[in-house]
**Student:** 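One structure, pasted below without further comment.
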Amino acid sequence: MKKNLITFLLTIIAISANAQCKYCNTYEDFIADRWQKLDTIYCDSHSKMRQIWWGGNDYKLTTGDKATNKILKKKAFAVMRGDTLYVNCRNLRYENTCFGNGYTKAMRIGQRSLLFVNKIIGSEASSDVMRSQFLFGVIGSMITASEQMEQQVCYVISFGANNNGEISIRLIDDRLVEQMITDAHHYDLYDEFYAERDPEKRLLAKHVIPILEKAGLFSQYLKKQH
């Protein structure tokens, strides 16, 4: 399982030396392969842990041109830099909760969806973070951040924006994993998925991703292209 996860993460972070840069404005443009080309995209991350941590959304993408930078920050849906895909978190919503600004790395899954890894968000998650910071100050904040890196979950984008420009996303939970396994006709993976009896641990990216990879969901799009 660890080997499969490492292989997947290495695939995600691979960037060509002569990286082709482009962006698209909407989910629909992404599905239709309608991109706007760019000469250069600079990628900056505020987190020093980014070298070993895939999840999160603190990637800042710039071009050196103010007008284009504004598009990437506020309007663009996704950016492709070489072999690495980034999705803009600005308009993503899970249960009416947002991740905030910044880009996150993502991966095409199935025919019409994008998977990305991030922290658990929502009212309950927010209150836990605030409680830790209030009780322990800076040390509590560092502990909380470390725990978040170990407690990453998977989300999926399968639809475009609503009239307000917001994109509803889904947490990959038991029900959605079952649906994906069934659609891929890999019923043999049910037992492996539910071998983890703790429902919270079962949602973690480090458990979910190897299951979806074995179901062939990350290679479906590539097969379609060929």
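All values below were derived from every heavy atom in this structure, side-chain atoms included, with hydrogens, water molecules and symmetry-related copies excluded.
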**Student:** Please name all residues satisfying side chain to side chain donor-acceptor pair (under 3.5 Å) with Asn69, sequence neighbours left out, ordered by chain then number.
**Tutor:** Thr63
**Student:** Applying side chain to side chain contact (heavy atoms under 4.5 Å, CB included), name anything that partners Met80, two or more places apart in sequence or on another chain.
**Tutor:** Lys22, Trp35, Leu85
**Student:** Check whether Asn118 reaches the backbone of Val153 with its side chain - one donor and one acceptor, N or O, closer than 3.5 Å.
**Tutor:** no
**Student:** Checking Asp174 now: which residues fulfil side chain to side chain donor-acceptor pair (under 3.5 Å) with it, not counting sequence neighbours?
**Tutor:** Arg202
**Student:** With sequence neighbours excluded, tell me which residues meet salt bridge (charged side-chain N to carboxylate O under 4.0 Å, His left out) with Asp65.
**Tutor:** none
**Student:** Mind checking side chain to side chain contact (heavy atoms under 4.5 Å, CB included) for Thr182 and listing every partner two or more places apart, or none if nothing turns up?
**Tutor:** Tyr187, Tyr190
**Student:** Quick one: ring-ring contact (aromatic ring centres under 6.0 Å, His included) partners of Phe193, sequence neighbours excluded?
**Tutor:** His207
**Student:** Just jot down the ring-ring contact (aromatic ring centres under 6.0 Å, His included) partners of Tyr155, sequence neighbours excluded, or say none.
**Tutor:** Tyr94, Phe99, Phe116
**Student:** Flag yes if Leu176 and Ile109 sit in one hydrophobic cluster, no otherwise; membership is Ile, Leu, Val, Met, Phe, Trp, Tyr, and two members link when side-chain heavy atoms are under 4.5 Å apart.
**Tutor:** yes
**Student:** Who are the side chain to side chain contact (heavy atoms under 4.5 Å, CB included) partners of Asp198, not counting sequence neighbours?
**Tutor:** Glu196, Glu200, Lys201
**Student:** Is a side-chain donor or acceptor of Arg90 paired with a backbone partner of Gly102 at a separation under 3.5 angstrom?
**Tutor:** no
**Student:** Could you tell me which residues satisfy salt bridge (charged side-chain N to carboxylate O under 4.0 Å, His left out) with Arg93, sequence neighbours excluded, listed by chain and number?
**Tutor:** Glu166
**Student:** Could you list the residues that satisfy side chain to side chain donor-acceptor pair (under 3.5 Å) with Glu178, not counting sequence neighbours?
**Tutor:** Tyr194
**Student:** With sequence neighbours left out, write down each residue that passes salt bridge (charged side-chain N to carboxylate O under 4.0 Å, His left out) with Arg170, or none if nothing qualifies.
**Tutor:** none
**Student:** Could you list the residues that satisfy side chain to side chain donor-acceptor pair (under 3.5 Å) with Asp29, not counting sequence neighbours?
**Tutor:** Thr26, Arg34
**Student:** Can you tell which of Tyr103, Tyr86, Tyr42 makes a ring-ring contact (aromatic ring centres under 6.0 Å, His included) with Tyr59?
**Tutor:** Tyr86
